[in-house]
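Structure first, then comments.
Computed over heavy atoms, backbone and side chain alike; hydrogens, waters and symmetry mates excluded. For ligands, and for the atoms within them, numbers begin at 1 and follow the listed sequence.
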Amino acid sequence: MDNELVLVIDFGGQYNQLIARRVREHNIYCEVISYKTPVSEIKSRNPKGIIFTGGPNSVYLETSPKMSKEIFEIGVPILGICYGAQFLVYGLDGVIGKANENAAAEFGRTECEFNTDSPVFDGLRTRSVVWMSHNDYIEKLPEGFKAAGHSIKCPYAAIENREKKFYGVQFHPEVNHTEQGKEILGNFLYKVCGCKGDWTMESYAKTAIAQIREKVGSGKVLLALSGGVDSSVACALLSKAVGKQLTCVFVDHGFMRKNEGDEVEAAFKDWDINFIRVDASNRFIGKLEGVSDPETKRKTIGEEFIRVFEEEAKKIGRVDYLVQGTIYPDVIESGLGDAAVIKSHHNVGGLPDYVDFKEIIEPLRLLFKDEVRKLGAELGLADYLVWRQPFPGPGLAIRIIGEITREKLRILQDADLIFREEIANAGLDRSINQYFAVLTNMRSVGVMGDGRTYDYTLALRGVTTTDFMTADFARIPYEVLEKASVRIVNEVKNINRVVYDITSKPPATIEWE
Ligand code: XMP
């Protein structure tokens, strides 16, 4: 890739991915790398700028992350954030005051005054609120440095050495609570590093397509398509790169939302690929007969999925490459820290290791989710797929509480469709991150017309979240809930009561099973 590059050096802080995203929002390509990366390697990548992230430690701890001082010799501008700023000072022989010896610790919103002469604060308001989170503090600056900003407690809330192009901020410009954070990062990137901003999805798509072509040559490629954003975008990219050398297998397990199997097929059948839809719904429903335990459902579906996929792959014969929809947060989470945590993806399918292939292609491994969506739009993928909310691999099977029957599946599909329609009609479909209906296993008494009913209770769930690890229930207006409820009870046989789930995660989870 010939794009300008900024390297974010990971010292173990909690906002590291966020920093990378913020840099990319300025149309500058950046990667997060470990502080253990040799300086020679960093230099050879010719970065326009380097950002040191925050970290949980004090620079004085023996175990705290430190990199070789050679990093200060390679002539690349550096912005240190929080721990990163302290490491910059420490590494250049300044002094960091320890937490227990001072009252300079700051947490949360803090007012700062900036020197707007400084290139990083150029054009900004002199005073604004920043997000602080530090115990230790910068006590004495290294030679050549001066203050560029201060708070009441912290004389060196921002520091600079203009000649060397080294800057440090004690606060976190990457979080939204820092009022001028975006502009501060932008100033560093454009005014200090001299970036031009050449990272666009158009250029990414072009480069990725060329790289895939070169790698694959005349080989055969296989992709398990779920209809989710990642696999759909990967499919579109591969299709542009290698056309009919790509075979996409879409295993329809029958627990998709109403019409979804047909929609996925319609979206892909005109692309220049071999598209195989396997209608395996009878097989899956058969396997789940009598199963009510959620984990057994997941396991059974997962295993059956792999079996079906394997059977299809065998029909195709030997493939050279298998495509995986890994995205950048997975890459960062699984491989950078001191202890490499391998995230356990609970997606149906996983990696079918028995399929006979030579190598894996991960065409999205450098992209964040929102960038994957942008790329999808760039490649001409239908809006429906680009903006699809996350949908669990086991599908509606884990939204029918207890045992699954065809009848219950029909009820849930119909009710869920109405809920989704009403959310879309209210214009809320992009602001609520995930929303769906759950068919509870509970029946209760109702009255319809002149008659008594004894039917199912349907639960509606809507959440707002950024990472799906924690979530808040969505404040859906009562009128929207009312419309959905009235329609569901009137249009879907066997539902006589609708409730809305008002628990957050934790303590609840997003799904009910
Ligand atoms: P929970 O219910 O754990 O859900 O709060 C968090 C996110 O993960 C999705 N989810 C799954 N995705 N297979 C998947 O591919 C699963 O078994 C599964 N269970 C939950 C859920 O929809 C939410 O987005």
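- Note: Phe11 and Phe52 meet the aromatic proximity criterion, with ring centroids under 6.0 Å apart.
- Between Ile510 and ligand 1, a contact under 3.5 Å exists for at least one N or O pair.
- Taking the six-membered ring for Trp and the full ring otherwise, Tyr15 and His172 have centroids separated by under 6.0 Å.
- Closest to atom 5 (O) of ligand 1 by heavy atom, among Met469, Glu511, Arg399, Lys505, is Lys505.
- Below 3.5 Å of separation, one finds no N or O of Pro394 facing any N or O of ligand 1.
- Short contacts between ligand 1 and Thr509, defined as distances under 4.0 Å to a heavy atom of the residue, involve ligand atoms 1 (P), 2 (O), 5 (O).
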If you look only at distance, which donor and acceptor atoms sit under 3.5 Å apart when one is on a side chain in residues 214-228 and the other is two or more places apart or in another chain?
unit_1 : atom_1 : unit_2 : atom_2 : d
Lys215 : NZ     : Glu359 : OE2    : 2.9
Lys220 : NZ     : Ile316 : O      : 3.1
Ser226 : OG     : Gly228 : N      : 3.0
Ser226 : OG     : Ser231 : OG     : 3.2

Can you list, pair by pair, the side-chain donor-acceptor contacts under 3.5 Å of residues 506-513, counting residues two or more places apart and other chains?
unit_1 : atom_1 : unit_2 : atom_2 : d
Thr509 : OG1    : Glu511 : O      : 2.7
Glu511 : OE1    : Arg399 : NE     : 2.9
Glu511 : OE2    : Arg399 : NH2    : 2.8
Trp512 : NE1    : Asp501 : OD2    : 2.8
Glu513 : OE1    : Lys297 : NZ     : 2.9
Glu513 : OE2    : Lys297 : NZ     : 3.4
Glu513 : OE2    : Gly402 : N      : 3.2

